[in-house]
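See structure below.
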Amino acid sequence: MITKLLVANRGEIARRVFATCRALGVATVAVHSDADADAPFVADADQAVRLPGNTPAETYLRIDAILDAARRSGADAVHPGYGFLAENAEFAAAVTDAGLTWVGPPAKAIAAMGDKMAAKALLADAGVPMLPTWTDPAEVTAFPVLVKAAAGGGGRGMRIVHDAAGLAEAVAGARREAAAAFGDGTVFIERYVERGRHVEVQIFGDTHGTVVALGVRDCSIQRRHQKIVEEAPGVLPDDVRAALHEAAVAAGRAVDYVGAGTVEFLLAPDGQVHFLEMNTRLQVEHPVTELTTGLDLVRLQLLVAEGEPLPVTTTPPADGHAIEVRLCAEDPAQGFRPATGTLHRFAIPGVAAEFGPARGLRLDSGVVDGSTVSVHYDSMLAKLVAWAPTRTEAARALAGALARAELHGVATNRDLLVRVLRSPEFAAVDVDTGFLDRHPEVFEPLLPAEQLPVAALAAALAGAAARRAAAPVLAGLPSGWRNVPSFPQVTSFTSPGGEEIEVHYRLDRTGALAEWSVSSSDTTSAVTVVDATPDRVVLDVDGVRRAFRVHRVGSSVFVDGPDGAASLTELPRLPLPTAELAAGSLLAPLPGAVTRVHVEVGQRVAAGDLLLTLEAMKLEHPVLAPADGVVTELPVPAGGQVETGAVLAVVDPEEDTQ
């Protein structure tokens with residue numbers, strides 16, 4: 001019997017496992033890096049052991065340090081979570097050899113499925129349909145293809161290639177990314193199916209020979225080959241669903257599978273099913289299966305690890321529909337560039353439960369108010385899941401909760417997720433892995449551009465109310481009021497895109513809005529102030545009353561209204577002088593390491609040319625020339641570390657004409 005469980009992971013999956021452990025009466029142990037010392041998952045555990053360092057290689061990927069933590073804390077079992085060492089056969093064997101209970105499949109099964117090429121060969125012999133696959137780029141004869149990492153998953157080390165000219169660079173880039181993420185740079189090449197749906201089967205096995213399918217999930221909507229929207233049950237014909245169940249169970253039995261696993265497939269437009277890979281761990285998207293089957297998959301993992309038989313031996317019928325979104329700290333408009341910083345507010349209304357069964361909204365979050373989003377780890381902040389009797393109701397509830405959420409401090413993909421869930425194509429199940437490429441409209445912010453001036457006005461009025469509330473004398477007078485009106489009050493902001501917004505307004509002696517305008521807009525909306533406090537402003541805009549929630553942190557002002565959210569930075573009235581950057585300077589968008597420099601000083605480049613590669617948050621980010629010109633500066637060599645705002649390169653567009 002397991003009495004104390006160490007979770008060799010971090011963030012929301014560690015909190016998820018701890019939640020089930022509390023319900024079962026199992027004591028818990030967290031391990032954490034220095035960067036995670038104050039993270040919520042550490043506070044959730046009964047005990048915690050520090051792993052000195054910050055990077056995964058220094059901490060969560062160190063088998064010796066994790067086993068030592070188990071010994072020092074008295075843990076008798078280890079749960080790997082997902083990512084990091086979850087699919088590392090050496091780690092599974094080391095845990096077992098140390099006399100601890102391994103909450104996962106046998107090391108032999110992990111090894112068999114961990115090498116994706118070997119796994120494809122094994123399952124092909126079992127009759128599972130496969131896509132054409134190559135290990136030598138010279139042997140590829142048909143395009144498009146997908147370059148994939150042989151070890152690991154999560155979309156890392158993957159590249160789509162449409163012609164032979166781009167294959168060599170794609171293979172090289174995939175190898176680098178795979179080596180950084182998994183310690184193994186081996187890649188292979190697979191035929192890429194356009195307009196395919198990514199579907200997967202949750203399987204479970206026990207030590208008594210049972211392997212059962214727990215339903216099909218549809219995970220087709222992805223960015224950078226990583227899932228961001230998942231649902232269960234997948235909307236499929238009954239014969240396709242049955243074929244997927246049969247193939248997944250056959251895959252599990254081929255390796256004597258024990259514990260939770262996922263067999264992933266690609267469903268082609270012609271209805272053909274092709275095996276992709278088998279993940280020998282609990283998946284990020286497991287909550288949608290839990291909510292539609294009523295099963296706690298972490299509880300089943302623990303029971304199976306203790307040698308108990310599975311309480312289910314056949315596929316349970318799906319109850320209702322569940323949809324999950326991955327809320328990530330990233331900017332979709334900037335190529336899903338990861339975002340770092342402090343999450344000043346993280347509030348989602350209407351959540352019925354956290355990390356457990358819910359008829360309604362479920363939140364599995366790795367962050368809380370004040371959490372720091374670090375450059376060292378994945379950008380996912382939380383998963384929000386909606387269950388409802390029907391798919392339409394689940395999508396609507398999930399989109400509504402996301403739209404009303406207060407997410408302050410770092411950029412997120414919230415607006416994109418809402419637009420996907422509300423799109424007619426999603427409603428019609430017209431989805432595939434290329435959904436985002438075909439629908440650029442989902443990248444538009446929820447707040448229409450024409451509504452930004454009113455949001456900025458709300459921010460300015462909230463600031464005025466805060467100043468009057470703090471005034472030592474005459475606090476009852478409106479801000480800036482004069483007996484003889486002269487100039488209006490002026491408050492200037494910048495938007496996340498760098499646009500300057502100058503709000504002009506004047507209040508009369510009763511506090512009513514006498515006039516207002518925004519320098520960057522020709523808006524003519526008739527606005528009346530209904531109420532204005534430091535954290536809430538109610539405006540009547542052209543006869544429609546709108547309430548805005550305003551949250552200020554230093555110079556940052558976050559405005560959440562009925563049409564969407566705005567993140568503004570208030571500019572100082574008397575700014576201090578700053579150093580002027582050279583024209584054509586390219587700045588680091590986030591902390592990271594320059595892995596490669598592709599050009600030299602003095603080299604002529606064209607707009608869009610690759611200058612250098614920045615690695616941050618486990619992914620490579622290309623830095624491209626903004627215009628034709630000449631490279632005049634490359635201040636950071638390959639291997640150099642940079643902070644946000646550091647100059648990476650300077651491209652002088654003038655020199656190209658000389």
Side-chain angles (χ1 to χ4, degrees), residues 159 161-163 165-170 172-174 176-177 180 224 330-341 375 410-411 440 443 445 449 492-502 519-520 555 567-569 571-572 574-658:
R159 304 283 195 282
V161 184
H162 292 278
D163 53 54
L167 186 57
E169 175 57 30
R176 289 192 303 272
E177 194 167 288
R224 285 190 164 189
E330 61 189 19
D331 187 351
Q334 298 294 324
F336 296 99
R337 185 176 69 198
T340 59
V375 70
V410 297
F443 288 82
S492 298
F493 303 95
T494 55
S495 69
E499 175 192 7
E500 185 168 337
I501 305 167
E502 195 173 83
S519 60
S520 62
S555 61
S567 176
L568 306 170
T569 301
L571 298 175
L574 299 173
L576 295 173
T578 58
E580 183 176 356
L581 292 172
S585 294
L586 300 176
L587 309 182
L590 71 169
V594 174
T595 54
R596 289 194 303 161
V597 179
H598 303 270
V599 295
E600 299 177 347
V601 172
Q603 181 175 334
R604 292 182 181 276
V605 294
D609 282 356
L610 181 62
L611 304 181
L612 52 89
T613 304
L614 182 69
E615 183 181 297
M617 299 182 87
K618 300 184 181 180
L619 295 173
E620 286 190 340
H621 306 278
V623 177
L624 308 177
D628 296 351
V630 173
V631 179
T632 59
E633 293 183 40
L634 289 169
V636 185
Q641 297 285 330
V642 296
E643 294 299 322
T644 301
V647 177
L648 299 174
V650 178
V651 177
D652 187 347
E654 297 299 324
E655 290 201 12
D656 191 47
T657 63
Q658 295 178 357

Under the side chain to side chain donor-acceptor pair (under 3.5 Å) test, residues paired with His598 that sit two or more places apart: Thr613
Taking side-chain contact (heavy atoms from CB on, under 4.5 Å) as the test, write out the residues that go with Ser492, two or more places apart. Val490, Glu500, Glu502, Leu571
Kindly say whether Gly173 contributes a backbone atom to a donor-acceptor pair with the side chain of Arg159 at under 3.5 angstrom? yes
Pairs in or reaching into residues 581-600: which pass salt bridge (charged side-chain N to carboxylate O under 4.0 Å, His left out), with residues at least two apart or in two chains? Glu169-Arg596
Considering all heavy atoms, the nearest Val623-Leu648 contact: CG2-CD1, 3.9 Å
Do you know which two heavy atoms are closest between Leu568 and Ser495, and how far apart they sit? CD2-CA, 4.3 Å
Minimal heavy-atom distance between Val651 and Ala627, with the atoms involved, is CG1-O, 3.9 Å
Would you say that Val599 contacts Asp609 through its side chain, given a criterion of any heavy-atom pair below 4.5 Å between the two side chains? no
Which residues share a side-chain contact (heavy atoms from CB on, under 4.5 Å) with Pro635, sequence neighbours left out: Glu633, Val647
Heavy-atom pair of closest approach, residues Leu614 and Val594: CD1-N, 4.0 Å
Shortest non-hydrogen pair, Gln641 vs Ala593, comes out as NE2-CB, 3.4 Å
Measure the spacing between OG of Ser567 and CZ of Phe493 and express it to the nearest 0.5 Å. 11.5 Å
I'd like to check the side-chain contact (heavy atoms from CB on, under 4.5 Å) partners of Ala172; sequence neighbours left out, ordered by chain and number. Arg176
Note, Leu610 side chain near Leu624 side chain (heavy atom, < 4.5 Å): yes
Separation between CZ (Arg604) and CG (Asp652), nearest 0.5 Å, reads 10.5 Å
Check side-chain contact (heavy atoms from CB on, under 4.5 Å) between Thr644 and all other residues, then give those that pass, not counting sequence neighbours. Leu590, Pro591
On a heavy-atom basis, which atom in Leu587 and which in Gly645 lie closest, and how many Å separate them? CD2-O, 3.7 Å
